[in-house]
Each structure stands twice: as C-alpha cells, then as structure tokens.
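Worksheet: one structure, shown below.
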Amino acid sequence: MDDRTLLSSSFGAAATAYAEHRPDYAPDAVRWALEPAPGPRVLDLGAGTGKLSATLVALGAEVVAVEPDPAMLAELRHALPAVRALPGSAEAIPLPDASVDAVLAGNAMHWFDMAVAGPEIARVLAPGGVLAGLWNVLDDRIDWIADLKRVSGSAAIGPRDTVSSWRAATADMLVPGAGMVARFGSPTHVEFPHGQLRTADSLVATLATRAGLLVMGDPDRDAVLGRVRDFLGSRPETADGEFTLPMLTAVLRARLL
C-alpha cells in the first residue's frame with residue numbers, strides 16, 4: 001500500500017469524530033464554485049461524512065454524493081438521509097455520462113489519482129460543467145495560528161492546510177502534463193473568509209482526525225496532541241472557553257472545455 005492510499009483510507013476508523021469535529025464550508029465559497037455550472041446537478045465526490053453535501057443542499061443544489069469508505073458513507077447517510085449517497089471513487093464514478101453539471105470535492109481532491117480521475121470526472125460532467133476542489137485552510141497570517149502550525153507539525157497541519165501555502169501545494173493539480181488530461185480550462189484559485197467555533201479540547205479533537213495523525217502509532221500521536229494541548233492552554237486566544245478558529249475556504253476551480 002503506498003502512502004497516499006494508506007492516508008486516504010485512514011478516515012473510516014475516525015468517521016464519527018470526523019463528522020463531529022470537521023468544519024463545514026463557507027457558503028460564499030460553494031456559491032462561487034458553482035457559479036459557472038450549466039445546471040443544478042452536483043456530484044460531491046469523496047464526500048466523506050457529508051460536510052460539503054450539507055452546504056450544497058442548503059444552497060438548493062440537486063446533490064448526489066459518492067464516497068469510497070463504508071464508515072464515512074454510513075455517517076453521511078445518517079446525517080443526510082434525503083441525499084442520494086453511493087459507494088464509489090473518483091477513479092470509478094457510479095454515474096452515467098454527462099449526468100451532473102458540477103463536480104465538487106471537499107478536502108478530497110488531493111487523494112485522487114487525477115490521471116484516472118480526470119477522464120472519469122470529465123465523463124460524468126455535462127458540456128461546460130465545473131470541477132472544483134475546496135479546502136478549509138487555517139489563516140497562518142495570524143501569529144498564534146503560525147505558532148500552532150509549528151507546534152503541531154506537518155502530520156497535523158500540512159502545506160494544503162494553511163492560506164500561506166495551499167495555492168503552491170495545489171498549483172499542479174489540474175494542470176495538463178502533471179497527470180491531468182487537457183480537458184479543463186485554466187484553473188483559478190480563490191479564498192473566502194470562514195471560521196469554526198472551537199474550544200481547546202475540540203480543536204485538539206479536530207486535529208486528531210487528520211490523516212497524518214490517524215496513521216501514527218499511539219505514542220507519537222499522543223505526543224503531538226499533548227504538545228498542541230499545552231500550546232492552546234498557554235495562549236490567551238485559546239486558553240479559556242470558546243473561540244473562533246480563523247480559517248478560509250479555499251477553492252480551485254476549472255471548467256470542462
């Protein structure tokens with residue numbers, strides 16, 4: 001099993017915690033992602049526990065969700081029983097040709113094998129359809145977030161997880177010649193303000209759902225989370241009660257040619 005497969009398959013064991021602690025997506029970011037779509041039919045690909053699907057439903061989209069992990073899919077079906085939710089993957093999408101107007105992926109596109117997933121996504125998209133990846137990133141332009149990143153380490157807060165580095169980390173994701181077929185127009189990167197109400201304990205629990213920590217041995221994971229807990233307890237922004245975790249929802253969008 002390669003590293004990407006190992007990491008991407010780690011979430012099922014923490015599906016309940018993922019559903020409880022991971023943030024939703026800024027509605028303005030989702031609206032922008034869908035803006036050029038020729039119709040309301042949206043595929044949430046790599047849908048996880050339904051965080052993005054819930055926002056899409058609230059915005060009036062006609063949503064179908066596809067998720068490979070059975071435990072994550074069960075959480076999605078429990079949370080959103082009205083959403084059509086199917087087992088499948090980005091590399092083998094269980095939908096007919098030209099059956100959706102947009103394909104969105106929330107914190108999932110980096111797990112796709114785009115050499116295979118790119119043609120599959122193009123296949124299910126209607127002419128002029130939209131492909132967009134969304135990531136919730138921490139605003140490390142703020143001093144205490146930059147310090148949190150340093151204390152946490154890359155297993156908890158990696159290059160795609162902060163506003164200072166997510167564009168560089170995703171720059172080649174939809175570029176022809178980097179494993180992606182030349183069927184999409186030039187991608188655009190945009191960020192939208194967002195936030196999540198957290199306590200020190202719930203932020204530790206959120207970071208514990210990151211793939212890099214899920215695949216760690218217990219002693220190493222406990223050490224990382226212990227450092228994070230000590231750090232949060234030492235900061236006036238996070239030591240007492242609830243606080244808003246400063247984030248942005250970052251969007252990478254391209255249109256089918």
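Residue numbers start at 1 and run along the sequence shown.
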Problem set entry | Stepwise side-chain contact (heavy atoms from CB on, under 4.5 Å) test for Val100 and Val64 | CA-CA 9 Å; Val100 296; Val64 57; 4.3 Å; yes
Kindly compute the distance separating [atom1] ([X]) from [atom2] ([Y]), expressed to the nearest 0.5 Å.
X: Asp24; Y: Gln196; atom1: CG; atom2: CD; answer: 7.5 Å
X: His194; Y: Leu248; atom1: NE2; atom2: CG; answer: 9.5 Å
X: Leu203; Y: Thr238; atom1: CG; atom2: OG1; answer: 8.0 Å
X: Ser152; Y: Leu232; atom1: OG; atom2: CG; answer: 7.5 Å
X: Phe192; Y: Thr249; atom1: CZ; atom2: OG1; answer: 9.0 Å
X: Ile142; Y: Leu245; atom1: CD1; atom2: CG; answer: 9.0 Å

Determine yes or no for a side-chain-to-main-chain donor-acceptor pair under 3.5 angstrom, with [X] supplying the side chain and [Y] the backbone.
X: Thr170; Y: Met173; answer: no
X: Asp161; Y: Gly158; answer: yes
X: Lys51; Y: Arg22; answer: yes

Side chain to side chain donor-acceptor pair (under 3.5 Å) with [X]: which residues, sequence neighbours excluded?
X: Thr49; answer: none
X: Asp220; answer: none
X: Arg255; answer: none
X: Ser154; answer: none

Kindly write out the residues that satisfy salt bridge (charged side-chain N to carboxylate O under 4.0 Å, His left out) with [X], not counting sequence neighbours, or none if the list is empty.
X: Asp140; value: Lys149
X: Asp143; value: none
X: Arg167; value: Glu191
X: Arg198; value: none

Exercise. So, do Val57 and Thr55 sit near enough that their side-chain heavy atoms are less than 4.5 Å apart?
Worked result: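 No, side chains not in contact.
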Exercise. side-chain contact (heavy atoms from CB on, under 4.5 Å) between Asn136 and Tyr25: does it pass, once the steps are laid out?
Worked result: CA-CA 7 Å; Asn136 281 317; Tyr25 294 85; 3.5 Å; yes
Problem set entry | Contact list for residues 29-48, test side-chain hydrogen bond (donor to acceptor under 3.5 Å, both in side chains), sequence neighbours left out |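 Output for this query lists Asp28-Arg31, Arg41-Asp101, Asp44-Ser53.
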Exercise. Which pairs, with at least one residue in residues 74-85 and sequence neighbours excluded, count as a side-chain hydrogen bond (donor to acceptor under 3.5 Å, both in side chains)?
Worked result: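 As it turns out, the side-chain hydrogen bond (donor to acceptor under 3.5 Å, both in side chains) pairs with a partner in residues 74-85, which skip direct neighbours, are Thr16-Glu75.
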Just distance, no hydrogens or angles: give the donor-acceptor pairs under 3.5 Å from side chains in residues 123-135, sequence neighbours left out.
residue: Arg123; atom: NE; partner: Glu120; partner atom: OE1; Å: 2.6
residue: Arg123; atom: NH1; partner: Leu95; partner atom: O; Å: 2.9
residue: Arg123; atom: NH1; partner: Asp97; partner atom: OD1; Å: 2.8
residue: Arg123; atom: NH2; partner: Ile93; partner atom: O; Å: 3.0
residue: Arg123; atom: NH2; partner: Leu95; partner atom: O; Å: 3.2
residue: Arg123; atom: NH2; partner: Glu120; partner atom: OE1; Å: 3.4
residue: Arg123; atom: NH2; partner: Glu120; partner atom: OE2; Å: 3.2
residue: Trp135; atom: NE1; partner: His110; partner atom: ND1; Å: 2.8

Problem set entry | Contacts of Phe243 that satisfy ring pair (Phe, Tyr, Trp, His ring centres under 6.0 Å) - sequence neighbours left out |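 Trp144.
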